[in-house]
Each structure stands twice: as C-alpha cells, then as structure tokens.
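Atoms within a ligand are numbered from 1 in the order they appear, just like the ligands themselves.
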Amino acid sequence: MPQRVRIEKIDELKVGEARRFDYERGGERQEGFVFRSATGLVAYRNWCPHWGVDLDIGTGKFYAKKVDRLYCRNHGALFRVHDGYCDAGPCASMSLEAFELVEEEGAAVIEVPDLPPAIYR
Ligand code: FES
C-alpha cells in the first residue's frame with residue numbers, strides 16, 4: 001500500500017523553490033522533494049538516475065532558472081520540470097522518479113509507491 005507523506009505550509013513555497021522530505025521504503029530511508037514551478041507543484045525522488053545519488057548534494061537547491069530545468073549538482077544533468085525527463089547530460093533520456101501529489105488546505109500530500117518502478121531499482 002503506498003505511503004502518504006504530508007508537507008504542511010507548502011503554499012508558502014515560492015516559484016523556483018523546493019522542499020525536501022524523507023520517507024522509508026524497502027527498509028531504507030529515502031528522500032524526495034517538492035518543487036514549485038510557475039505552473040504548479042511537482043514531486044520527485046531525490047535520486048539521480050546517472051549514479052543513484054542525491055541531485056542537490058544536500059543544498060536543497062534543484063533548479064537552474066536560466067534553462068528552466070531541475071538539475072543534478074553532481075555532473076549537471078538537466079531534467080524537465082513538469083515530467084522529470086532528462087534532456088541533457090549523462091543520463092539523457094532517463095527520468096526522475098515522479099510521485100503523485102495533491103494539495104490539501106495549504107499542504108502537499110505525496111503518494112510514495114511501495115516499490116520504485118523496475119528501472120529505478
Ligand atoms: S550523478 Fe547526476 S548527473 Fe551524474
């Protein structure tokens with residue numbers, strides 16, 4: 001059964017900002033992030049498909065405004081904001097793991113599946 005992660009006061013997140021969150025899956029602690037674009041909120045696992053490491057190296061910053069992409073601070077992969085597809089960098093044509101998200105009364109509720117899709121394991 002998917003777990004739900006609730007992040008309060010997400011309505012305070014400004015365009016271009018992200019907020020990280022933790023969850024447990026498969027017996028390990030993992031991290032995701034919610035990002036607010038000009039068109040709304042998206043949620044992804046904080047995990048680069050290139051090396052399987054955090055995108056932000058602990059900074060909480062995921063956005064490259066000049067190119068309007070989420071990016072990985074390790075080797076510069078660029079991901080489209082709306083779907084997490086990598087269109088430049090060492091993992092081009094791969095994608096971030098996206099999570100379902102709904103907004104409820106100023107909070108974000110993120111649904112994390114029990115298992116990541118096979119391509120992310
Ligand atoms: S680890 Fe993300 S681009 Fe290499």
Quick one: does any side-chain atom of R25 pair with a main-chain N or O of P113 as donor and acceptor, under 3.5 Å? yes

Check ion pair E111-R4 (N to O, under 4.0 angstrom): yes

Electrostatic pair D56:R20 at N-O distance under 4.0 angstrom: yes

Residues passing the salt bridge (Lys or Arg N to Asp or Glu O under 4.0 Å) test with E104, sequence neighbours excluded, are R6

Atoms (protein N, O or S; no water) under 2.8 Å from atom 2 (Fe) of ligand 1: 2

Look at K65 together with E17 and state whether they make a salt bridge at an N to O cut-off of under 4.0 Å. no

Check R69 with D87, please: is the shortest side-chain N to carboxylate O separation under 4.0 Å? yes

